[in-house]
Amino acid sequence: MPSVVGLLEQRELGARRRVDELREEADRIQAELAAVEREWKEWAIARSRVGEVLAPADEPMQDHARADRTAQAAEEQTGKTSQVPDAAKAKSQVPVWREGLDRSVLSVDYQRILQVLADRCRLGQGPLTCQEMAAMFGMDVVPARVEALRSKAKRLVARGWLAEPAPGRFTPAAGVSGQGGGS
C-alpha cells in the first residue's frame, strides 16, 4: 500500500507537469499574439496612411512629432508599452467627423467609447462620465484609467464625434449614429 507522502508526491509531480505544459502553451500563444499584433498595427498604419492621402485638401494634416507625443502620452497613461519597434507602431489618429465617415476608421478603444454612448442614446439614457464608462468596460476605476478615457473622449469631442453637454459628461454628437458606423 502506497504511503500518503508518496501519493502527495505523485499528485505534486502531475500538477508540476501540467504547469510546465501550460507555461509552454502560454509562451507559444504570447509569440503568436506578438506576431498578430504587429500585423494588426501594420494594417492600422496602412489605413491611416490611406486616410491621410484621401483627406480633403482643406483639412490640416497632423505633423508626425505631435502624433508621436500623443502616442507616448497614451502609453504613459495606460502604463502599457508595446514591444513593437517605433517604426511599426500605428498612430491612433482620430479624423474629424464628417457625414458618411464610418466609425471603423477609429481604433478599437475609440469605437468602444462610441458604441457604449450610442447604445445609451438609443435606449434614451443620458450622457456618461468617464468613471461610469470605466466601470462599464470592466476597468479599475482609478485615476490613471479614468484620465486615459477622459483624454480619448475629449479627443472625440474635439474631432466632432462626441458632444459634452455638461462638463465631464459625454454623448454622441448630433448626426453621429451608433448603428454600424459614424454617419
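Heavy atoms only: backbone and side chains are in, while hydrogens, waters and symmetry mates are out. Starting from 1, each residue takes its place in the sequence as its number.
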**Arg112 side, atom CZ; Arg103 side, atom CZ - distance, nearest 0.5 Å** = 13.0 Å

**Prompt:** Of the non-hydrogen atoms in Cys130 and Phe170, which two are nearest, and what is the gap between them?
**Reply:** SG-CE1, 3.5 Å

**Request:** Calculate, to the nearest 0.5 Å, the distance between atoms CD and CD belonging to Glu39 and Glu37 respectively.
**Result:** 11.5 Å

**Request:** With Arg155 as the cation and Tyr110 as the aromatic partner, state whether NZ or CZ is under 6.0 Å from the six-membered ring centre and within 45° of the axis.
**Result:** no

**Asked** Under a 4.5 Å cut-off applied to non-hydrogen side-chain atoms, are Leu13 and Glu9 in contact?
**Response** no

**Prompt:** Any side-chain heavy-atom pair from Leu162 and Val157 closer than 4.5 angstrom?
**Reply:** yes

**Prompt:** Between Asp102 (side chain) and Ser104 (backbone), is there a donor-acceptor pair under 3.5 Å?
**Reply:** yes

**Prompt:** Between Met133 and Arg145, is any pair of side-chain heavy atoms under 4.5 Å apart?
**Reply:** no

**Taking every non-hydrogen atom, the tightest pair across Thr129 and Glu132** = N-OE1, 2.8 Å

**Asked** Would you say the side-chain atoms of Glu164 pair up with the backbone N or O of Gly168, donor to acceptor, closer than 3.5 Å?
**Response** yes

**From Asp109 atom CG to Leu114 atom CG, the distance as rounded to the nearest 0.5 Å** = 11.5 Å

**Complete:** When rounded to the nearest 0.5 Å, the distance separating CD of Gln115 from CZ of Arg122 is 6.5 Å

**Request:** Flag yes if more than 12 heavy atoms outside Glu21 fall under 6.0 Å of its CD atom; otherwise flag no.
**Result:** yes

**Message:** Which heavy atom of Trp161 sits nearest to which heavy atom of Pro95, and what is that distance?
**Reply:** NE1-O, 2.7 Å

**Asked** Tell me, do Glu25 and Ile29 make a side-chain contact under 4.5 Å, heavy atoms counted?
**Response** yes

**Request:** Tell me whether Leu117 is reachable from Met136 by hopping between hydrophobic residues (I, L, V, M, F, W, Y) whose side-chain heavy atoms are closer than 4.5 Å.
**Result:** yes

**Prompt:** Do the side chains of Val94 and Trp43 join up, straight or via other hydrophobic residues, at under 4.5 Å, putting them in one cluster?
**Reply:** no

**Asked** Do side-chain atoms of Arg169 reach the backbone of Pro127 as a donor and acceptor pair under 3.5 angstrom?
**Response** yes

**Request:** Give the minimum heavy-atom separation between Gly160 and Val176, together with the two atoms involved.
**Result:** O-CG2, 3.8 Å

**Prompt:** What's the shortest heavy-atom distance between Val105 and Arg47, and which atoms?
**Reply:** O-NH2, 3.0 Å

**Message:** Nearest 0.5 Å, please: how far is OG1 in Thr171 from CD in Gln125?
**Reply:** 11.0 Å

**Item:** Student check: side-chain heavy atoms of Val53 and Arg49 closer than 4.5 Å
**Value:** no

**Prompt:** Closest heavy-atom contact between Ile113 and Leu149?
**Reply:** CD1-CD2, 3.8 Å

**Request:** Indicate, with yes or no, if Phe137 and Leu106 share a hydrophobic cluster defined by side-chain heavy-atom contacts under 4.5 Å among Ile, Leu, Val, Met, Phe, Trp and Tyr.
**Result:** yes

**Prompt:** Taking NZ, NE, NH1 and NH2 as the nitrogens, is one of them in Asp20 or Arg17 under 4.0 Å from a carboxylate oxygen of the other?
**Reply:** no

**Prompt:** Other hydrophobic cluster members with Val146, side-chain heavy atoms of Ile/Leu/Val/Met/Phe/Trp/Tyr under 4.5 Å, chained?
**Reply:** Val141

**Message:** Among residues at least two apart in sequence or on other chains, which ones pass side chain to side chain donor-acceptor pair (under 3.5 Å) with Gln111?
**Reply:** none

